[in-house]
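A short worksheet on the structure shown next.
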Amino acid sequence: MSDAKLDKSFNHAAAEPRLYARWEEAGDFACHPESPAPGYCIVIPPPNVTGSLHIGHALDNTLQDILIRWRRMQGRDALWQPGTDHAGIATQMVVERLLGAQGVKRRDIGREKFLEHVWNWKAESGGTITRQLRRLGASLDWQRERFTMDEGLSEAVREVFVTLARQGLIYRDRRLVNWDPVFQTAISDLEVESREVKGSLWYIRYPVAEEPGRFITVATTRPETMLADTGVAVHPDDERYRDLVGRHVILPITGRRVPIVADSYSDPEKGTGAVKITPAHDFNDFEVGRRHGLGMPSMLDPEGRVTLAEIAPEAELVEGIADPARLAEFDGVDRFAARKGIVAELERLELLEKVEPHTHAVPHGDRSGVPIEPRLTMQWYADAATLAQPAIAAVESGRTQFVPKQWENTFFAWMRDIQPWCVSRQLWWGHQIPAWYGPDGEAFVERTEAEAYAAAEAHYGRRVELQRDEDVLDTWFSSALWPFSTLGWPAQTPALAKYYPTDVLVTGFDIIFFWVARMMMMGLHFMGEVPFRTVYIHGLVRDEKGQKMSKSKGNVMDPLELVDEYGADAVRFTLAALAGPGRDVKMGKARIEGYRAFRTKLWNAARFAEMNGIRPDPAWDPASATLPLSRWILDAANNALAEADAALEAFRFDEYAAATYRFVWNTFCDWFLELAKPALNQPDSPEAAELRGAAQHVLGTILRLLHPVMPFVTTELWEHFGYGSDGDLIRAPWPQPAAVAGADEARAELDWVVRLIAELRAVRAEVNVPPSVTTPLLVRDAAPESLARAARWIEPIRRMGRVTEIRPLEGEMPKGVAQAVLGEATLILPLAEVIDLGAERARLATARDKAEAEARKVEQKLANADFVARAKPEVVEENRERLAALRAEGERLAAAIARIG
RNA sequence: GGGCGCGUAGCUCAGCGGUAGAGCAUCGCCUUGACAUGGCGGGGGUCACAGGUUCAAUCCCUGUCGCGCCCACCA
């Protein structure tokens, strides 16, 4: 126990950095792979290296830290694996913008130089988020920090890519991809988001080649793509167009002849029932084009500008329809300008039938925010459908479980219909694809350049020059390996053996597809076992009105500002308390203030303990407790512990928070300490000695119970008091239930005392008796046991119930009394001077009516033969007892009213 | 179009067959020797609506309405 007294309040701003630094320096977060203690592992969802801590991180990491600290205290060798993600597009974007501000363009300085800039940026600014995680109190094992592009993880990436390629699970293919014209790279389906756009539906008349003067009208939202049309499709059963199938149209502007084909893709209900087919610029059209062997020319370059390279050669002059000279004017024109130009040209040609306003969903790049373009390019794909099978099976069999369980449906739905995963990106920042091409384009996928040359030499029979693939891998490719690459794979390290499969993954639903699914696939494929036993999915953090936080709305809460203002413990407790299953977290300042008050309450309870000489006594044995009050609080602490454990086992962070809050505030502070005060005020009494023993024991339990969620204040108190001699709270053993004798009797006794005091308080408050007025408590009809109890608890009752003495009512009923019924007894407070008898009569009448009404309800229930016959016997018995109690209470209240006169 | 979730006190949410709960807000009283970042007491709810199952429904089932999200479609 420190000599200095506890300050009047907890100075979180000073204490938190001090305590965190000490934990880190002492190695308190470190795991010990060689130790015999059973492992427990959580890998952090690696934040983007460009990131800064937002409230979502704060939630995610608070929950992880609670689990890690709890398990660590339980004696598990806990590893919380830290690290950051290189975040391909995001990081490249940041550095490009910085260079851009200095007038430097990426392509001007070249790949090597650019990457140098990125690494420099990372060295300077990449540590922001990990510093911020420390402010939260996150007990990550920083010695093991990894980065998705550090050497070990890069080796894992190459190993995985090469292995999958050898197994035929990674391959090159030329097909349509989602192309982002801003970043000029392919992106995966998941990186595309639909946005509602108010556009138009243009109806274009295509002249039928074989029948001059006849037209077929197509409707389109993208008129500019007509430059690359290679057909028009109608439904085979569509009477309107049956005779046209097999004929051709002459495309306006380009003058190309393209066939009219019958394909059931065409929906007679939509548009005109005839649809233009542009295989190189639309996913559905691509399929139609394939089925009918249509050409697939492209008309947009990587930046989204019109290019005539693949279409102009076919352009021919057709009077009144097409003119190669006009077509040439579109070369190099941006896609949006081209749309206007094409429409204008169609209008001029009188081939634009009409334009309708049309709202539709348009795919946009989630990073760039611009409409993506389907483009026909050669890319690397992973065979996700094959890799998904074991992952689906693992969740079906329960080897990995989602919490809450309904997310499994989401997982299954996506996995069962999974598309090939485009893993190549036309970026510079990322893992460069380990593929080298020979002069004829033959690809050699190898771990190193030397191996690629060796393979090429074997293939060609001579040494040839190779070109390395310029592309890098999707960022999620390396994150997919995170649970095993961070543990040392492909090396077989002790950490890998001990901590894989990891225990829990804590994350938001938004990356189930991006990340969780892919970790499942890769983990099962390369480790032969699931990457984690449980996936805990939490909600989104919203503002107090339930709005999504966004910069544009200006409702963003900065977790670091909250930590500054309220302290990390209060922020963490709030997040945990609000983290109900399947619910978004609505974060409001009022809530945080409330939990800061809770922290203060704990602090003040500790101050009280200190003032009363309550100090750690490891030798004190709970089994030695003889007083009902100490037995009762020890038993209640056992219950709180059991609730907390059950809640944490079930990932019910909200219940864990609620159970500890209730116990500390409503049980320990409001009742135990108050009831103990009279005895503690006689410090030399044996009662005081025992209560100090119980109090120090329970306070120690409280500090440990709360440590996972409030690590700072609990540690500060733990050390101030000097609990534990061999290290601090972070590694203190998790509490075990204390063996308590006579718990049932103690509970019955304390329940009665609590009810008595509550009755006294309620009566006094309701008849407006000021606390300064004290009275004797007269008791009528009390059983001897009640009188004995009252005598045992006289001091706390006097203090908390504002009574001077307790005695049975003898002789005449005094005038002007307030009364209350407690069990068999009637409590009488003579208050002749102050009482408003009318108010008292009304109060008693209300209580009587309530008891009688309740009794009637129960009576009715018991009168129902079906209820008595079919309900569980204990329920029937309960109701009978309740009826008797209610009737007795009503009668006693009625008698009390009668006595007033 | 398919799927998931949610409608419980003014607000935010627990509860999920057998007597409606918490925090905050609100009202009244109280500066009592841990704590006014506090103490004590009170008011406030036809548990969205309509059917059904059951001795008994806020809780289970069906439907309706309202809100949110995900996926798909995107002529």
Side-chain angles (χ1 to χ4, degrees), chain A residues 6 8-10 194 196-197 201-204 217-222 233 265-267 269-277 282-285 358-363 404 406-407 409-410 413-414 417 509-510 512-513 539-540 544-546 548 570 577-578 580 582-588 590-591 593-612 652 654-655 658 661-662 666 669-670 673-674 677 681 757-758 761-766 768-772 799-800 802 854 857-858 861 864-872 874-876 878-879 882 886:
Chain A
L6 281 172
K8 274 211 87 169
S9 60
F10 177 58
S194 285
E196 286 280 303
V197 170
L201 193 55
W202 286 272
Y203 288 77
I204 307 171
T217 303
V218 297
T220 180
T221 54
R222 301 206 54 196
Y265 162 66
S266 180
D267 181 350
E269 304 296 319
K270 283 188 188 167
T272 61
V275 58
K276 65 193 268 312
I277 299 298
D282 181 283
F283 287 93
N284 287 310
D285 292 5
H358 185 68
T359 300
H360 62 139
V362 177
Q406 72 261 17
W407 289 110
N409 293 330
T410 305
W414 191 70
D417 185 35
F509 57 83
D510 49 331
I512 291 178
F513 305 145
L540 202 69
E544 62 271 299
K545 294 187 204 107
K548 219 167 168 170
L578 296 177
R583 278 243 185 214
D584 285 344
V585 171
K586 284 182 194 135
M587 188 83 175
R591 209 64 198 246
E593 280 165 16
Y595 292 120
R596 179 181 56 185
F598 174 62
R599 186 196 66 194
T600 304
K601 187 74 182 176
L602 174 66
W603 185 263
N604 281 309
R607 285 181 63 221
F608 174 81
E610 179 180 57
M611 289 171 199
N612 284 277
R652 288 299 303 266
D654 56 333
E655 288 184 350
Y661 182 101
R662 262 198 314 271
N666 304 122
C669 291
D670 289 348
L673 291 181
E674 293 301 328
K677 274 177 182 175
N681 284 338
I757 293 170
R761 285 168 164 174
V763 169
R764 294 176 54 102
E766 282 174 39
N768 291 318
V769 184
S772 54
R799 181 190 174 89
M800 299 167 77
R802 313 294 300 164
E854 205 54 39
K857 266 168 72 178
V858 180
K861 196 182 246 191
N864 181 345
D866 282 332
F867 171 73
V868 178
R870 303 204 190 195
K872 280 175 283 187
E874 61 267 31
V875 172
V876 177
E878 247 172 56
N879 276 276
R882 186 151 182 266
L886 284 166

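Chain identifiers are assigned alphabetically (A, B, ...) following the order of the sequence lines, protein sequences preceding nucleic acid strands; residue numbering begins at 1 within each chain.
- Atoms CG (A:Leu578) and P (B:rC11) sit 17 Å apart, rounded to a whole Å.
- A:Arg591 and A:Tyr595 share a donor-acceptor pair across their side chains, judged by distance under 3.5 Å alone.
- Proximity note for A:Arg761 (side chain, C-beta onward) versus B:rC74, B:rC71, B:rC40: the nearest is B:rC40.
- Taking atom P on both B:rA9 and B:rA14, the two are 12 Å apart, rounded to the nearest angstrom.
- Look at A:Arg591 and you won't find any side-chain N or O under 4.0 angstrom from OP1 or OP2 of B:rA22.
- The base of B:rA22 lies outside donor-acceptor range of the side chain of A:Glu655, with no N or O pair under 3.5 Å.
- Residue A:Ala762 has its side chain nearest to B:rG41 when only B:rG41, B:rG15, B:rC40 are considered.
- We find that A:Arg596 and A:Glu593 are not joined by a salt bridge, their nearest charged nitrogen and carboxylate oxygen being 4.0 Å or further apart.
- Using a distance-only test at 3.5 Å, with no hydrogens or angles considered, no donor-acceptor pair links the side chain of A:Arg652 to the main chain of A:Gly580.
- The side chain of A:Arg652 approaches B:rG15 more closely than any other nucleotide in the set B:rG15, B:rC70, B:rC24.
- Residue contacts shown for A:Ser772 are absent, as no nucleic acid heavy atom lies under 4.0 Å away.
- A donor-acceptor pair shorter than 3.5 Å can be found between the side chains of A:Asn604 and A:Arg607.
- Closest approach to the A:Ala597 side chain among B:rU37, B:rC35, B:rA75 is made by B:rU37 (side chain taken as heavy atoms from C-beta onward).
- Residues satisfying the side chain to side chain donor-acceptor pair (under 3.5 Å) test with A:Thr217, not counting sequence neighbours, are A:Glu353.
- The A:Phe867 side chain lies nearest to B:rG18 when the options are B:rA75, B:rG18, B:rG15.
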*Base-pairing string, 5' to 3', of RNA chain B - Watson-Crick or wobble, under 3.5 Å, | interstrand*: ((((((((.[[[[.)..(..]]]].(((((.......))))).....[[[[[..)....]]]]])))))))....
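- For the pair A:Lys872 and B:rG17, the criterion of a side-chain N or O lying under 4.0 Å from OP1 or OP2 is not met.
- Look at the C1' atom in both B:rC60 and B:rG18: the space between them is 14 Å, to the nearest Å.
- Contact between A:Val875 and A:Asn879 at its shortest, heavy atoms only, is O-ND2, 2.8 Å.
- Closest to the A:Arg583 side chain, of the nucleotides B:rC6, B:rG42, B:rC74, is B:rC6.
- Side-chain N/O atoms of A:Thr221 include one lying less than 4.0 angstrom from OP1 or OP2 on B:rA75.
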